[in-house]
Each structure stands twice: as structure tokens, then as C-alpha cells.
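Letters go in sequence order (proteins before strands), and every chain restarts at 1. Atoms considered below: every heavy atom in the structure, side chains included; atoms not considered: hydrogens, waters and symmetry mates.
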Amino acid sequence: MPIESKRWEKEFEQEILSEWKKNTPENTFQEKSKKPVFSIDTPPPYVNTPVHVGHTSTYCIMDFIARYKRMKGFNVLFPLGLDRNGLPIEMAAEKKFNKRFNEVPREQFLEMCHKVLEESSAESMDSFYKHGITFNSWKIGTKPGEIYQTDSAHYRSLTQDTFIELYKKGLIYEDVRINNYCPGCQTTIADAEIIYEDKNTFFNDITFKVKGTKEEMIIGTTRPELVTTCGMVIFNPKDDRYQHLEGKTAVTPIFEKEVPIQSHPMAEIDKGTGLAMMCSAGDLSDIRFFREMNLKPIIAIDTTGKMNEHAGFLKGLSVRKAREKMIETLQEKGLLVNQKQTTHRTPVCERSKDEIEFIEMKEYYLKQLDFKEKMKKIALDTKFFADQSRSLLLDWIESISIDWPISRRRYYATEVPLWYCTKCKEVILPLKGKYHQPWREKPPISKCPKCNGTDFKGEKRVLDTWFDSSISPLYILQWSRDHSFFKKNYPCSLRPQGKEIVRTWLYYTLFKCYLLTNQKAFENVWIHHHIVDEHGKKFSKSKGTGVDPKEVLDKFGAEPFRMWVALEGNLDRTDFRCSFERIEGGKKTLTKLWNTCRFISLFPKPKNKPKKLDEIDEWILSEINGLVEKADNGFGKYDFHNPTVDVKHFLWETFSSHYLEMIKSRAYNKEKAFSKEEQESAIWTLYQCLEKMLLLLAPVVPFITHKLYQEIFGGNAHDRAFPKSEKTGFKGDFSTEELVGLNSGIWQFKKEKGLALNKEIPSYKIPKKFKSIEKTLQSCHKIGKIEFS
RNA sequence: GGGCUCGUAGUUCAGUGGUAGAACGUCGCUUUGACGUGGCGAAGGUCAGCGGUUCAAUCCCGCUCGGGCCCACCA
């Protein structure tokens with residue numbers, strides 16, 4: 001049946017979606033299938049903020065991969081997860097109810113979080129669904145392939161199982177240490193949760209005295225409020241200006257504390273005055289310095305971000321206020337000799353953007369320093385797409401300097417599953433396989449195994465959110481839940497994710513999975529860059545510059561967007577600029593594909609392959625087979641860009657502009673200039689090429705290929721095997737460029753002579769190599785007599 | 001300071017050791033049979049700069065400049 005409508009309409013998508021919703025066996029993960037499993041550990045999006053086109057683009061590419069792998073005969077495990085734990089949810093709840101988490105009872109705060117979660121879950125899923133992304137299931141559940149939520153009892157129990165196992169292995173320990181503390185979130189955070197911002201601050205030159213002399217020293221600092229914690233003054237061993245100070249004692253301004261003066265290579269001659277005051281916990285370098293020099297740190301900032309009793313007259317002030325007051329006081333006493341504005345790379349909390357302070361607290365740590373070399377090996381043993389993305393991970397592993405602090409003093413996250421005997425302090429571990437809330441549940445035993453004590457205290461702290469996100473491949477592959485399934489299918493085939501979370505999600509996942517399974521977690525890792533706005537700037541939620549996928553769906557529908565994602569570039573190498581104009585360009589290719597099908601559908605499809613094919617038919621078949629091979633190779637490396645560009649070029653140029661023009665008269669055969677067999681050869685070839693083109697494009701543009709395939713060939717394109725490259729009978733007397741050049745030359749010749757393209761020309765000179773397609777050229781260009789030379 | 005990456009047409013990007021490519025945009029021409037959301041054509045580039053290897057460099061190597069990202073102990 002010929003196709004009637006003249007173009008692809010976005011309204012078609014609705015029908016197809018509802019058809020897929022009713023009947024999608026090919027998307028479902030078949031637990032009992034004998035096909036090899038290809039597992040994709042997709043990033044669970046945070047539910048409280050709607051996704052933008054950056055997300056939908058990357059999930060579309062993941063869907064390209066899933067669809068391609070299905071056509072290649074894999075049983076594709078492609079579940080959607082929803083991330084619902086942790087600070088973003090808590091912060092949203094605090095904002096919505098205008099209450100800090102520690103101002104209300106814990107149960108009540110959890111209720112607030114649940115309210116926020118209830119209101120926010122559906123929208124992102126709807127966007128994914130409308131983009132034609134074929135997650136295995138749209139149902140929230142616990143079976144392989146079903147949507148999982150990281151805050152479900154099922155997921156959290158697995159997170160706790162990993163804690164219990166690592167604890168038993170002796171890899172988790174509790175220690176009192178100076179670590180990163182976010183005063184806004186009021187919790188310890190890991191290095192990976194810190195980002196750096198350039199902040200304006202003052203570089204203050206302040207006066208220290210040298211004990212027993214009249215000499216004064218000028219020392220520059222950005223943190224004058226920490227003078228009280230100064231433990232030493234240093235200068236560079238090669239700095240001639242200060243050699244005489246070696247071994248003397250400095251007296252700090254205002255606090256009048258005596259500290260040693262020493263030479264130390266960490267002091268740089270040309271920084272400030274060349275003298276540095278070493279404070280405990282001004283930044284990470286200070287912490288290391290105090291450790292090295294065996295100095296006792298003085299912590300002057302408490303857990304609310306305010307100065308404590310060590311800060312003397314600054315006590316009770318916030319760090320910023322204390323700094324202002326200190327500068328004021330120094331100025332009054334004539335101890336501030338100079339002040340200039342400078343920008344300082346300041347560590348801030350990536351969530352709340354508060355400046356990090358360094359505070360001593362008791363926290364649980366997971367050992368990671370001992371495994372750096374092993375982790376590097378795993379990084380080298382995992383395939384990265386693009387390969388150069390691996391260095392993001394290697395750089396991070398290289399820079400790790402402390403163990404991973406995993407406990408957090410917050411509420412909405414997976415609880416640390418521990419109880420303590422109040423009598424003998426024995427740590428009580430629960431059994432695996434169940435979700436535990438020690439802060440409100442009884443311990444799993446009634447008597448302490450060590451002292452027979454009967455009174456226990458449940459742990460109040462929770463786990464870092466990355467501690468649970470980092471088990472996603474274990475979760476989707478049923479670790480500790482279905483042993484044979486896990487054994488058969490681990491490591492996970494593919495982790496697709498953004499470059500910005502290499503040091504968190506990727507690193508922590510590889511790390512934890514290694515500790516638990518002694519193996520790499522992934523065969524392949526695909527790292528993507530970002531969709532940026534028209535000016536090349538990052539989408540920013542706070543500035544509201546993210547493009548809403550709904551706007552794209554309203555304007556274009558999903559299909560032109562998917563086409564654009566594939567055509568625009570390689571997202572594993574570069575950022576894309578989001579441009580509606582260029583998405584519109586994707587739509588044109590759909591129209592071209594549609595009309596190509598419409599043309600072919602004018603001719604009844606031959607039942608059998610003709611015995612003999614015309615040379616030009618063999619030629620186009622060899623072209624499409626080459627294309628199939630290229631696409632298969634590219635898709636296999638998660639390159640959907642180059643093959644799609646190639647298919648588009650083939651469709652538009654080689655196939656439409658050249659092949660179709662050359663066989664039109666033979667396919668119509670209105671003047672009966674061709675035999676029936678010759679005519680059928682053309683028509684059969686048209687259908688062959690079309691079927692392969694549709695199947696090549698099916699992973700990228702599933703809607704249009706589905707509809708066209710169904711109308712023309714019957715059946716479901718997404719259920720078909722990916723096309724294979726076949727040998728053809730093309731002898732190859734001429735190359736494709738030569739043929740294209742020949743046709744273009746003739747068209748140009750006619751144009752220059754002012755002749756219509758369908759006008760006859762009495763004769764034309766053509767190279768001998770085209771002899772085998774003489775009849776084709778004659779009928780296409782209406783040449784009376786071809787002179788071969 | 002270190003690392004990665006990019007610098008090609010007005011714009012966004014491909015690309016190759018041998019005459020420089022596409023899309024979009026611009027301008028001109030083209031109106032009936034798959035497609036005007038089409039077709040044909042034009043203008044537009046010292047392939048960032050400098051040096052080296054080579055018969056030949058936009059491509060390989062080195063340096064410089066300029067963007068972007070990541071890391072780092074700039075008091």
C-alpha cells in the first residue's frame with residue numbers, strides 16, 4: 001500500500017507510544033532467556049528537580065545503545081533508577097517547610113522529606129517515556145529491570161549489607177580526625193563533595209614579634225581569624241632574609257602566643273613576605289603540615305561554623321564575622337600594615353556552597369588509601385569510551401589522600417546499621433538481608449555477647465549518599481540476592497555517565513565493587529560531556545538556563561530531537577550546544593526518509609529476488625552493505641554520530657539523488673523499454689536498501705522507523721536482527737565518487753546549455769569504465785548515443 | 001603549577017601525509033509526479049601563530065598564543 005501522508009508528524013509518536021506500552025516484549029528483560037545479557041547501569045536521576053535536555057540527550061544515547069544491543073541479540077538489562085536519598089532532598093524539605101532538619105523531631109523531618117518526594121517523582125519519568133526511551137519497565141518494583149528507588153527498604157537493605165560485609169572485613173573503622181565539615185549542612189563531607197570557587201578576600205599583612213628582640217615580622221594571611229591556632233612560623237631554607245630567625249620564637253599578634261620559627265621548604269620565597277604562619281586547619285595543607293611536624297592542632301571553629309573558646313575574644317562569632325572583627329582589631333592596634341584584595345580558591349560544599357571548615361570529629365571511614373594502586377589497575381583494565389576519559393579517573397585516584405569518611409550527621413539517607421552495648425561499648429552488627437533503622441529500632445540481640453549487658457544504643461548517623469549510589473551495578477545484577485544470576489552476569493557490561501561524576505559515582509562504584517567482589521565492576525564505561533546553551537555555557541539550574549524537554553517535545557516531538565542528538569556530534573568527546581534551529585534540521589532528514597519510503601511504496605514489492613540484478617543495482621547494494629558494516633562497527637563502540645551521518649548522507653545523496661534518478665524510468669517502465677525482470681531488479685533493490693536503512697536507523701529514530709517498517713514490511717523493526725553486511729555481485733568498474741561526478745557533470749552540462757534535465761541530448765562522451773551501466777545512463781540522462789572513450 | 005581537550009567557511013562541527021568537506025545561515029536560479037521541509041548553483045578558509053621532520057604538513061613533532069574542563073599543599 002502506498003504511503004499517503006507527505007511527511008512525518010509528531011502526533012504519530014503518541015499512537016506508537018501507546019502501542020509500545022501495550023505490547024513491548026522486546027524491551028522487557030527476560031530473566032529466563034538464553035541470550036547473553038547486556039547490562040546497562042544507568043545513572044539514577046535525582047527526583048526533586050525535573051530533568052533538562054542535557055539529561056534527555058544522554059538517556060537517548062543510552063537508549064540507542066540498548067536498542068542496538070537488542071537487535072544484536074542481547075537480552076538487555078536497562079533499568080531506570082531514581083535517586084531519592086540525601087542532602088538535596090533534605091534541603092528541599094528544609095526550604096519547603098522553612099525548618100532546619102535539627103529543629104524538629106527526626107520522624108517529623110522524614111515525613112517532610114516524604115512529602116517532597118511524593119510531589120516530585122513523576123515528571124522525569126514522563127519525559128523519558130515520551131522520548132521513546134525503552135527502559136525494561138515503567139513499574140516500580142524489585143525484579144530485574146524494574147524501576148528502583150535508592151531509598152526503598154529493598155535498596156537500603158542492600159546498602160547496609162555492603163556496610164556489614166565491609167565492616168566484617170575490617171575495612172571500616174571509626175576515628176576522630178580533622179575532616180571537611182560543611183557548616184551549612186552540619187555534617188562531615190568527603191573530598192569528592194568539595195568544589196573550589198574563586199572568592200574575593202583580603203590578603204592581610206600582619207605583624208608578629210620575635211621574642212627577645214625588637215624585631216618584627218610581617219606575615220601575609222587570608223585567614224587572620226585563625227591566628228589563635230598558629231602553631232609555627234616558617235620561611236624557606238634558601239631565603240637569605242630570614243636565616244637569622246631559625247630556632248627563634250615568634251609571638252603572635254593579639255593572642256601573644258609563642259610559637260617556634262623554622263625553615264621549611266613549604267614556604268615559598270616569593271609568596272607574600274616569604275614568611276608563613278602555619279595554622280591548624282586553615283586548609284588541607286595545614287592539616288598535613290601539623291601531622292608531619294607533630295604539632296598539636298588547635299581547633300577554633302565549632303560544628304556550627306562559629307568560633308569557640310580557643311578563639312578568645314572572637315568566640316561565638318561566625319568565621320566571616322570573626323575575620324572582620326580580627327582585621328578591625330589588628331587595625332586599631334596598628335598591627336595591620338597592608339591589605340590588598342585577592343581572589344582565593346576557596347573550598348566550598350558542592351551542595352550548599354558554604355565554605356568548608358576543618359573540624360575534628362568522630363566518623364566512620366572506609367579504607368581506601370591502601371587500594372590506590374589496585375584501583376589504578378582496575379581503571380586501566382576497564383575500557384573507556386572515549387579512551388582519554390580514563391585520565392579523569394586516574395587523576396582522581398592519584399590525588400586521594402585520606403580514607404573515605406562515610407558517616408553523615410543527617411537524617412534522610414541509609415542508616416549506619418549498628419548498635420552499641422552501653423556497658424562495654426561492644427559494636428553490634430545486625431544480620432544481612434533486612435533494612436535496619438537503629439535510631440528507632442531495637443537491636444537484633446537481647447544480650448551483649450561480650451558482657452551480657454542488656455542495654456543498647458542505636459547508631460544515629462547515616463551513610464554518605466555515594467555509599468549507596470555506588471552499589472547500583474550490584475543492585476541491578478542481584479548481588480547477595482540471586483547468586484547464580486549475579487555470577488553469570490557480573491561485571492556489568494556498561495556504565496554510561498557524565499564526566500563530572502567520575503570522581504564520585506564512577507570511582508566509588510569501582511572501589512566498593514572491588515572491595516566486595518574483587519573484580520572490576522564494568523567492562524565498558526562511556527563518559528559523556530554536556531549539553532550547553534547557545535553560548536556554550538553550562539546549563540545552570542539557579543539561573544534557569546536549562547532547556548525544558550517539554551518545550552522540545554511540544555515544538556518537535558521526540559524524533560527530531562533524537563536525530564539531532566545523533567547528528568550533532570560525539571558527546572563522548574565534546575559538548576553540544578542546544579539549538580532549536582539545528583533540531584529543526586533533524587526533522588528535515590525525517591521528511592526525506594519519509595518521502596523516500598513513500599516513493600518506494602508506489603511499487604509493489606516483489607516476492608522473490610530476481611535471478612539477475614542490473615549492475616547499477618549491484619552497485620547500490622554494495623554501497624548499503626558497506627554502510628551496514630560501518631554502522632555496526634561504530635555502534636559497537638557507542639559511536640552513533642558518524643554512522644548516522646553516513647546513513648543520512650547515503651539516504652540524501654547516493655541513494656536519492658543518484659540511484660533513484662538512475663532507476664526511476666526502469667522502475668516505472670511506462671514505455672516498456674525494460675524487461676519485466678529488469679524492472680523487478682530495480683524494485684527489489686529499492687526494498688532491500690530501504691529495509692536495511694530503516695533497520696540501521698531504528699536504534700536512533702525508533703518511532704519513524706517503526707511506523708514505516710510496519711507499513712512497508714509488516715512486523716516490528718525493533719524485533720529484527722541488526723542487518724548483516726552481504727557480498728554483492730558488483731564488479732566495481734567505477735567508484736562511487738566517479739559515478740556521482742559523472743551524473744553531476746551531465747546535470748551541470750544541461751543546466752549550462754539551458755536544457756531541462758529531462759530533455760534529450762543527442763550524444764555525450766563518457767569514460768569506458770561506465771560501459772556496464774550504459775542503458776541506465778542512457779535512460780536517466782536521455783542521451784541519444786553514448787560515446788565511450 | 002600540572003594534566004586533558006579544543007582552535008578548520010558567517011555559525012556549529014566532520015576530516016585526511018598529496019586540489020579543503022558537511023550542515024545551518026546568506027545570495028542567485030529552479031514550480032507539476034517521492035520530497036519546495038525539494039532540486040541546482042555561488043560567495044565565503046594562508047585549516048590559530050611560529051619553527052621542525054618530509055619530495056609534500058591542516059594532519060606527525062616542538063614551542064607560543066587563545067578558549068574550555070579537571071586536578072593541586074598559592075600561606
Side-chain angles (χ1 to χ4, degrees), chain A residues 2-4 6-8 191 195-196 203-205 219-223 226 230 233-236 264-268 270-279 282-289 292 342-345 386-401 499-500 502-503 529-530 532 534 536-538 560 564 567-570 573-579 581-603 641-642 645-646 648-649 652-653 656-657 660-661 664 667-668 670 686 744 747-748 750-752 754 756-757:
Chain A
I3 293 170
E4 293 199 358
K6 273 196 169 182
R7 58 190 69 98
W8 170 254
D191 286 349
I195 56 171
Y196 287 83
F203 194 69
N204 307 282
D205 284 344
I219 297 180
T221 179
T222 53
R223 301 288 307 262
L226 292 178
C230 177
V233 169
I234 59 169
F235 62 89
N236 191 282
H264 191 280
M266 216 176 110
E268 288 175 46
D270 48 4
K271 284 262 158 65
T273 60
L275 289 166
M277 69 164 190
M278 300 311 291
C279 298
D283 58 38
L284 283 175
S285 69
D286 298 341
I287 295 169
R288 254 168 247 159
F289 183 84
E292 272 171 35
T342 173
T343 56
H344 180 67
R345 293 272 291 164
D387 195 54
Q388 55 265 38
S389 297
R390 182 185 287 106
S391 62
L392 296 174
L393 178 61
L394 287 170
D395 284 353
W396 178 250
I397 295 172
E398 189 55 51
S399 73
I400 290 169
S401 62
K499 62 178 175 180
E500 79 287 359
V502 165
R503 65 179 182 167
H529 290 236
H530 296 291
V532 294
E534 284 171 306
K537 290 263 158 55
K538 257 191 199 172
W564 169 76
L567 291 176
E568 188 68 14
N570 261 332
R573 293 181 55 188
T574 180
D575 291 345
F576 287 8
R577 297 189 183 201
C578 182
S579 145
E581 212 171 63
R582 295 176 65 81
I583 296 173
E584 183 72 35
K587 200 174 145 192
K588 287 190 181 179
T589 302
L590 300 180
T591 307
K592 191 71 180 175
L593 179 65
W594 186 265
N595 281 294
T596 303
C597 289
R598 203 156 80 95
F599 172 70
I600 295 173
S601 73
L602 292 173
F603 306 102
H641 170 63
N642 290 300
V645 169
D646 287 344
K648 178 190 168 186
H649 183 262
W652 217 295
E653 304 296 329
S656 295
S657 295
L660 289 191
E661 293 307 328
K664 249 181 193 170
Y668 281 120
K670 281 196 178 132
L686 285 174
S744 302
W747 287 323
Q748 205 162 347
K750 286 191 173 180
K751 179 116 180 165
E752 278 163 12
L757 293 185

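Residues A/H264 and A/M278 fail the side-chain proximity criterion, which asks for heavy atoms closer than 4.5 Å.
For the C1' atoms, the distance linking B/G62 with B/U54 amounts to 16 Å, nearest Å. Across B/C73 and B/G15, the matching P atoms stand 37 Å from one another, rounded to whole Å. When the P atom is used for both B/G49 and B/U58, the distance is 10 Å, rounded to whole Å. B/G44 and B/U37 have their P atoms separated by 29 Å, with the value rounded to a whole Å.
Listed nucleotides: B/A75, B/C35, B/A23. Nearest to the side chain of A/K648: B/A23. Taking every side-chain heavy atom of A/R7 into account, B/U37 is the closest of B/G38, B/C4, B/U37. Nearest nucleotide to the side chain of A/W652, out of B/C35, B/G38, B/A23: B/G38. Of the candidates B/C71, B/C69, B/C35, the closest approach to any side-chain atom of A/K499 belongs to B/C69. Out of B/A72, B/C40, B/C35, the shortest distance to the side chain of A/W396 is found at B/A72. Here B/A23 is the nucleotide among B/G36, B/A23, B/U37 with the atom lying nearest to any side-chain atom of A/E653. Taking the side chain of A/K588 as heavy atoms from C-beta on, and the options B/G3, B/C24, B/A23, the nearest nucleotide is B/C24.
Residue A/S744 is classed as having no contact, given no heavy-atom separation below 4.0 Å to the nucleic acid. Looking at heavy-atom distances under 4.0 Å, A/L275 makes contact with a base. Contacts of A/G274 with the nucleic acid, taken as non-hydrogen atoms under 4.0 Å apart, include base atoms. Counting any heavy atom pair closer than 4.0 Å across all strands shown, A/T596 reaches a base atom.
Contact of A/K592 with B/C35 (side chain to base): a donor-acceptor pair of N or O atoms is detected under 3.5 Å.
Remark: C1' of B/A75 and CE of A/M277 are 8 Å apart, rounded to the nearest angstrom. To the nearest angstrom, P of B/C4 lies 20 Å from NE2 of A/H530. Between the CG atom of A/L394 and the C1' atom of B/G3 there is a distance of 11 Å, given to the nearest Å. The distance from atom CZ of A/R598 to atom P of B/G36 is 8 Å, rounded to the nearest whole Å. Look at CZ on A/R503: it is 8 Å from P on B/C70, rounded to the nearest Å. Spacing between atom CG of A/L393 and atom P of B/G3 amounts to 19 Å, rounded to whole angstrom units. Separating the NZ atom of A/K664 from the P atom of B/G33 is a distance of 8 Å, rounded to the nearest angstrom. Between A/R223 atom CZ and B/C73 atom C1' the separation is 15 Å, expressed in whole Å.
Checking A/E584 against A/L567, the closest nucleotide of RNA chain B that is more toward the 5' end is the one next to A/L567. Of the two residues near RNA chain B, A/A276 and A/V645, the one whose nearest nucleotide lies more 5' is A/V645.
In this structure, A/L593 CG and A/C597 SG are separated by 5.0 Å, a value rounded to the nearest 0.5 Å.
Judged purely by atom type and a 3.5 angstrom limit, A/S657 uses its side chain to pair as donor or acceptor with the backbone of A/W652. No side-chain donor-acceptor contact under 3.5 Å links A/N595 to the backbone of A/R7.
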